[in-house]
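Below is one structure, written out as C-alpha cells, with a few remarks after it.
Here is how names work: the chains are called A, B, and so on, in the same order as the sequence lines, proteins then strands, and each is numbered from 1.
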Protein chains: 2
Amino acid sequence: MPKESSATAEAPHGAERSRRTPSTPAPQLVAMLRDAIVSGHLVPNQRLVEADLSEEYNASRGNVRIALSELSVEGLVERVQNRGARVRAVSVQEAVEITEVRGAIEAMCASKAAKRAGPDEIRTLRSIAERMTHAVETGLLTEYSQCNKDLHSLIITMSGQRTAAETIKRLRGQAVRYQFRLSNHPGRPSVSLPQHLAIIEAVCSHDPDAASEAMSRHLESVAEAIRSSDA
Amino acid sequence: MPKESSATAEAPHGAERSRRTPSTPAPQLVAMLRDAIVSGHLVPNQRLVEADLSEEYNASRGNVRIALSELSVEGLVERVQNRGARVRAVSVQEAVEITEVRGAIEAMCASKAAKRAGPDEIRTLRSIAERMTHAVETGLLTEYSQCNKDLHSLIITMSGQRTAAETIKRLRGQAVRYQFRLSNHPGRPSVSLPQHLAIIEAVCSHDPDAASEAMSRHLESVAEAIRSSDA
DNA sequence: GTCAACGTTATTGTTTACAATCCTGCAAAC
DNA sequence: GTTTGCAGGATTGTAAACAATAACGTTGAC
C-alpha cells in the first residue's frame with residue numbers, strides 16, 4: 001500500500017518545506033467512506049483505524065472520527081468503546097429483515113404510485129418493462145440489474161413519499177452486498193421478471209391494491225432467495 | 001419568530017457538581033441531547049451553538065460537534081455549512097409521511113406478531129385491552145397514552161423484527177411532538193380505542209391478515225388526525 | 001435617505017497535542 | 001503446565017489552540 005501516493009503539490013515560493021496537503025472536508029470524507037463501504041472496497045469486519053484512514057484520505061483524524069460516528073448511526077460501521085471501528089457485517093438473517101421492511105414500505109409506495117401515475121411516468125414504466133424483457137431474453141445481466149434499480153427508484157419517486165425514500169435508501173445501503181450477490185445469480189432474472197412486469201402493469205392500470213400486492217410478493221420472493229442463498 | 005439565542009435548558013443531571021468538571025463522554029452527551037430534543041426542552045428551530053452546549057453540558061466542543069453530527073444523521077437536528085445547527089422542525093406534511101411509513105412497517109409487524117403470538121403475550125395483550133378500555137371510561141388520558149405506547153411496543157417486540165424496531169424508533173423520535181399533541185386531543189381516545197381493540201383481537205386470534213389490516217387502518221386514522229390538526 | 005464597501009465580531013471548521021484505555025507478549029510464581 | 005502480574009506499544013478519547021467563514025453594524029458616498 002503506497003504511503004506517499006498523493007500528488008506533491010509543493011509551494012511555488014521555494015523555501016517552504018511543508019510537503020503535506022492534508023485537507024479533506026468532513027462531509028466529503030463521509031461520502032467517500034460510505035462509497036468505499038457500499039462499493040465493497042472496504043470489506044465487512046475490516047478494521048477502520050483512524051490514523052490509517054486519516055493518512056489514506058488526507059484528512060485530519062478529527063474529521064475521520066466524525067465520519068465514523070455518522071456512518072455508525074447509518075448502520076454501515078460498528079463501533080465499540082475504546083476498541084475502534086470496523087465495517088459492519090450484515091448477517092443473512094438481517095438482510096432478510098431489511099428486505100421485509102423494504103417490502104412493507106415499497107408496497108405502500110407502489111400503491112401511491114398507482115394512484116398518482118401520470119402519462120409520462122406510465123410511458124417510462126412501459127419502456128423499462130421492454131428493456132427488462134429484452135435483457136432477460138439476451139442474457140444481459142448488468143442491463144437487467146440496472147433496470148431493476150431504475151424501476152424501484154422510479155416507483156418510489158412516483159409515490160412522492162420522501163420519508164419512505166430516505167428510509168429505503170438507508171436500508172439498501174446496508175444490504176447492498178446481498179443485492180449484488182443476488183443479481184449475479186443465474187436463473188434469478190427469469191423468476192423476478194414476471195414479478196416486475198406485474199408491478200408495472202398494476203401501477204400503469206392505476207390499481208393501487210394490485211400494485212401493493214405485486215410489490216409485496218416480489219420482495220417476499222427476494223427475501224426467500226436471500227434466505228436460501230445462505231452462504 | 002424571534003432569533004432566540006442558545007439553549008438555557010438546565011442540565012439533566014440534577015445535582016450540580018463542582019463548576020469545574022469538564023468531562024461528559026460523547027455517547028452520553030448524544031443521549032442527553034437526544035433526550036432534550038424529543039422531550040421538548042429544546043424547541044424546533046432553536047439554535048444549537050456549539051460553545052454554549054459545551055458549557056451547558058460540561059463537555060468539550062469536540063464532543064458536542066460529534067453529537068450534533070450523529071443527531072443530524074438521525075434527523076433530529078439540521079446543519080448547514082458554516083451556519084451551525086438547529087433543532088429540526090418537522091412539518092405536518094412530514095409527520096403524515098412518517099406516520100404512513102410507520103403504518104406500513106407496523107402492519108407487517110402486526111402480521112408477524114399474529115403468527116407468533118404465544119400464550120403469555122396474548123394474556124398481556126388482553127390486559128392492555130382492559131386497561132385501555134378502563135382508561136377511556138374514566139378519562140385517564142396519560143394512562144391511555146401509556147397503554148398506547150405499550151401496545152405498539154409489544155407488537156413490534158412480538159414480531160421479532162429488529163430492523164423494523166430500529167427503523168420505527170428513529171421515525172418515532174422525529175414525530176414525537178405530533179404524537180404528544182394528538183394524545184392530548186379530547187375525543188381522540190374514543191376514536192382510536194376500537195381500532196386498538198381490533199388490533200389486539202386479530203393478533204390474539206392468530207389472524208395475520210386481519211392484524212395487518214387493523215394496524216394499517218389505525219395508523220391511517222392517526223395520519224388523518226395529524227393532517228386535520230394542522231395548526 | 002439609500003446603498004454599498006469595509007472592518008468587526010460571533011461561530012464554525014480544522015489541526016495538533018495530550019491523556020486514557022486496551023491489547024500483546026513475556027516472565028515469574030504456583 | 002497454567003495462571004498472574006507487569007511493561008510496552010498501539011489506538012482511541014479528550015481538550016485546547018488555530019484558521020476560515022459568514023453575519024452584523026458602521027461609515028461614507030451618491
| Hey, are R65(A) and E50(A) close enough for a salt bridge, meaning a charged N less than 4.0 Å from a carboxylate O? | yes
| request: Measure the distance from CG on N58(B) to P on dA16(D) and round it to the nearest whole Å. | output: 12 Å
| query | To the nearest angstrom, how far is R79(A) atom CZ from dT21(C) atom P? | reply | 17 Å
| said: What contact category does L68(B) fall into here, base, sugar-phosphate, or nothing, at under 4.0 angstrom with non-hydrogen atoms? | reply: nothing
| request: Send over the distance from Q28(B) CD to dT14(D) P, rounded to a whole Å. | output: 10 Å
| said: Any donor-acceptor pair under 3.5 Å linking the side-chain atoms of S69(A) with those of R79(A)? | reply: yes
| request: Calculate the interatomic distance between I66(A) atom CD1 and dG13(C) atom P; express it in whole Å. | output: 8 Å
| field | Gap between atoms CG and P, on N63(B) and dT12(D) respectively (whole Å) | value | 16 Å
| query | Are S60(A) and dT15(C) close enough that a side-chain N or O sits under 4.0 Å from OP1 or OP2? | reply | yes
| To the side chain of R65(B), which of dG13(C), dT12(D), dA15(D) is closest? | dG13(C)
| Between the side chains of Q146(B) and R131(B), is a donor N or O closer than 3.5 angstrom to an acceptor N or O? | no
| field | Proximal nucleotide (of dT14(D), dG13(C), dT14(C)) relative to the P25(B) side chain | value | dT14(D)
| task | For R188(A) and S221(A), test the side chains for any donor-to-acceptor distance below 3.5 angstrom and give the result as yes or no. | result | yes
| task | Look at R86(B) and dT11(C) and indicate whether a side-chain polar atom (N or O) is within less than 4.0 Å of OP1 or OP2. | result | no
| remark: Atom CG of L29(A) and atom C1' of dT15(C) are separated, to the nearest Å, by 14 Å
| task | Using only side-chain N and O atoms of N82(B), determine if any of them is under 4.0 Å from OP1 or OP2 of dT12(C). | result | no
| query | Would you say the base of dG13(C) and the side-chain of R61(B) have a donor-acceptor pair closer than 3.5 Å? | reply | yes
| message | Measuring from the side chain of A26(B) (C-beta onward, heavy atoms only), which nucleotide among dT14(C), dT14(D), dC22(C) has the closest atom? | response | dT14(D)
| request: Remember a base hit wins even if backbone is also touched, and classify G84(A) as base, sugar-phosphate or nothing at under 4.0 Å, heavy atoms. | output: sugar-phosphate
| query | Q81(B) has an atom CD; how far is it from atom P of dT12(C), in whole Å? | reply | 13 Å
| Do the side-chain N and O atoms of Y144(A) and S192(A) include a donor-acceptor pair separated by under 3.5 angstrom? | yes
| task | Using atom CD of E50(A) as one end and atom P of dT15(C) as the other, report the distance to the nearest whole Å. | result | 14 Å
| task | Answer yes or no: does a side-chain N or O of R83(A) lie under 4.0 Å from OP1 or OP2 of dC23(C)? | result | yes
